[in-house]
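Okay, so here's the structure we're looking at.
Any value given below was found using the heavy atoms of this structure, including those in side chains, with hydrogens, waters and symmetry copies removed. Here is how names work: the chains are called A, B, and so on, in the same order as the sequence lines, proteins then strands, and each is numbered from 1.
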Protein chains: 2
Amino acid sequence: MNYDEAKNKFISTWGSLGTLWGINKAMAQIHALLLISPEPLSMEDIMEQLQISRGNTSMNLRQLMDWGIVFKENKMGERKEYFTSEKDVQELARQIAKERSRRELQPTIKILKDVSNIDEDGTAKTKELIKQTKALHEMADTLDTLMNRVIGQDHNWITKALVKLIK
Amino acid sequence: MNYDEAKNKFISTWGSLGTLWGINKAMAQIHALLLISPEPLSMEDIMEQLQISRGNTSMNLRQLMDWGIVFKENKMGERKEYFTSEKDVQELARQIAKERSRRELQPTIKILKDVSNIDEDGTAKTKELIKQTKALHEMADTLDTLMNRVIGQDHNWITKALVKLIK
DNA sequence: TTAATATTTCAATATTTTTTGAAAGTTTGA
DNA sequence: TCAAACTTTCAAAAAATATTGAAATATTAA
């Protein structure tokens with residue numbers, strides 16, 4: 001496998017994997033491209049390399065910046081904007097975990113809490129609803145804590161210890 | 001909030017959350033319904049409660065069974081098939097982690113490994129591609145181990161210790 | 001202030017994904 | 001073996017999502 005093959009394989013794999021962490025194909029591909037690019041890229045560069053439209057590129061770059069994993073960069077004496085991705089994969093994971101917690105997990109936790117707090121009326125169906133949503137609430141809460149703390153900050157130390165412990 | 005409101009809220013939340021763990025709305029809603037139902041439900045029951053077609057119900061039940069989180073049950077003297085979900089949320093999480101590892105993480109790890117093994121040709125772009133895909137490979141590998149071991153089996157003990165340690 | 005360059009927005013379009021429903025298939029009791 | 005009860009399949013339709021591209025907006029150098 002040569003460079004170009006490897007590059008394309010990586011970009012398309014990352015692209016289809018995107019849906020997995022909740023982002024669309026173009027967005028994931030732009031991210032992949034920036035992640036392996038030693039130099040910041042302009043919008044033109046990205047459009048050309050991925051064969052996508054200007055509008056698409058613009059919107060998805062914005063979203064990637066909202067996720068906090070892609071940044072604008074300005075080159076001196078140039079009007080054009082350039083973009084880079086977060087290159088440290090630990091930091092990348094941290095940022096993604098943080099955003100997913102905020103966007104998905106926390107709202108869910110809130111709803112589970114509300115639902116599990118309805119009045120117990122003695123019927124089997126109510127008991128079951130309360131029991132299961134309570135269990136899910138507890139689990140989601142644990143997961144949220146883990147995501148925000150373990151992956152959270154002083155990552156490497158804990159992860160390494162954990163992996164050694166378990167592997 | 002009364003029972004019906006809570007139930008609907010739970011089902012629709014779980015439904016939209018489905019996309020998050022990689023399954024579609026109907027599938028997630030069927031799962032939610034079964035999870036809080038004290039009794040096994042028939043296909044008719046499900047169709048009626050969720051207002052979805054027979055075909056849709058059939059296909060999605062099959063997929064849930066493929067995921068190993070919904071089971072067929074036969075009532076004596078009845079021809080109809082009934083369905084239940086895995087009720088233990090720990091076991092549910094374990095099963096989902098296992099399947100996601102198998103379906104998504106492991107294939108990705110394989111590709112990252114291949115891509116990161118291309119020949120170093122001394123150019124900056126090749127260096128960067130190798131460096132980043134290696135880092136991702138390592139991280140994906142760690143994540144896979146964690147998913148399969150921590151959530152894996154003797155769950156509660158480790159999780160509790162971990163949470164205590166971190167919280 | 002203008003004109004050139006660059007970016008964003010968004011309605012229209014294209015693509016992908018999900019859902020339907022009826023026909024085909026399966027199972028079982030008589 | 002038949003036919004009733006039930007389930008699965010899959011082509012067509014609907015719905016949801018992503019993408020385009022051109023007009024509108026913004027930015028800057030002269």
Side-chain angles (χ1 to χ4, degrees), chain A residues 11-34 39-67 70-84 103-104, chain B residues 11-34 39-67 70-84 103-104:
Chain A
I11 289 173
S12 72
T13 304
W14 208 241
S16 46
L17 222 67
T19 51
L20 189 156
W21 46 286
I23 70 174
N24 72 36
K25 201 182 70 177
M27 195 171 150
Q29 289 190 343
I30 293 172
H31 178 252
L33 180 62
L34 291 174
E39 295 297 325
L41 299 180
S42 69
M43 231 164 77
E44 300 284 346
D45 294 334
I46 296 169
M47 287 167 59
E48 195 196 345
Q49 292 209 42
L50 300 179
Q51 293 290 316
I52 57 178
S53 72
R54 186 174 298 282
N56 201 359
T57 308
S58 171
M59 286 172 119
N60 283 303
L61 276 171
R62 167 115 78 95
Q63 288 207 73
L64 285 165
M65 290 187 284
D66 289 347
W67 271 78
V70 161
F71 314 103
K72 256 185 202 162
E73 210 159 282
N74 284 80
K75 288 194 179 175
M76 298 170 307
E78 284 221 50
R79 190 121 138 215
K80 222 182 292 190
E81 291 175 324
Y82 286 81
F83 301 88
T84 354
R103 293 172 192 225
E104 296 152 5
Chain B
I11 289 174
S12 73
T13 304
W14 207 242
S16 46
L17 221 68
T19 49
L20 187 157
W21 47 286
I23 71 174
N24 72 36
K25 201 183 71 176
M27 194 171 152
Q29 288 190 342
I30 293 172
H31 178 252
L33 180 60
L34 292 174
E39 297 296 324
L41 300 179
S42 68
M43 229 164 79
E44 300 284 345
D45 294 334
I46 296 169
M47 286 166 61
E48 196 196 343
Q49 291 210 42
L50 301 179
Q51 294 289 316
I52 57 178
S53 72
R54 186 175 298 283
N56 202 358
T57 308
S58 170
M59 287 174 118
N60 283 303
L61 277 171
R62 166 116 80 95
Q63 288 207 72
L64 285 165
M65 290 188 284
D66 289 347
W67 272 78
V70 161
F71 315 103
K72 255 184 203 161
E73 210 159 284
N74 283 81
K75 288 195 180 175
M76 296 171 308
E78 284 219 51
R79 191 119 138 218
K80 222 182 290 185
E81 292 174 324
Y82 287 81
F83 300 89
T84 354
R103 294 172 191 225
E104 296 152 4

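- Going from atom CZ of B:F83 over to atom C1' of D:dT7 covers 9 Å, rounded to whole Å.
- Across the protein-nucleic acid pair, A:K72 atom NZ and C:dA6 atom P stand 14 Å apart, rounded to whole Å.
- If you take NZ of A:K75 and P of C:dT5, they are 19 Å apart, rounded to a whole angstrom.
- You'll find that the side chain of A:R79 is closest to C:dT5, out of D:dT8, C:dT5, D:dA5.
- B:M43 has its CE atom 12 Å from the P atom of C:dT20, to the nearest Å.
- Relative to the side chain of A:K80, the nucleotides D:dT9, C:dT7, C:dT9 differ in distance, and C:dT7 lies closest.
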* Asked: Between B:E48 and B:E44, does a side chain to side chain contact (heavy atoms under 4.5 Å, CB included) hold up when you go through it step by step?
  -> CA-CA 6 Å; B:E48 196 196 343; B:E44 300 284 345; over 6 Å; no
* To do: Assess whether side chain to side chain contact (heavy atoms under 4.5 Å, CB included) is satisfied between B:E39 and B:Y82, documenting all intermediate values.
  => CA-CA 9 Å; B:E39 297 296 324; B:Y82 287 81; over 6 Å; no
* To do: Please step through side chain to side chain contact (heavy atoms under 4.5 Å, CB included) for the pair B:K80 and B:K75, ending with a clear verdict.
  => CA-CA 8 Å; B:K80 222 182 290 185; B:K75 288 195 180 175; over 6 Å; no
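- In this structure, A:N74 atom CG and C:dT5 atom P are separated by 18 Å, rounded to whole Å.
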* Structure fact -> Expected string for nucleotides 15-21 of chain D under the B/S/- scheme (protein heavy atoms, under 4.0 Å, primed atoms plus P, OP1, OP2 as sugar-phosphate) is ---SSBB
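- At whole-Å resolution of the value, CD in A:E48 and P in C:dA6 are 15 Å apart.
- Minimum heavy-atom separation, B:W21 to B:W67: O-CH2, 4.0 Å.
- Protein atom CD1 of B:I46 is 15 Å distant from nucleotide atom C1' of D:dT8, rounded to whole Å.
- Annotation for B:R62: atom CZ does not count as buried by contact number, only 12 or fewer foreign heavy atoms lying within 6.0 Å.
- Put simply, CZ on A:R62 is 11 Å from C1' on C:dT7, counting in whole angstrom units.
- Of the options A:M43, A:K72, A:E81, a side-chain contact (heavy atoms from CB on, under 4.5 Å) to A:L61 is made by A:M43 and by none of the others.
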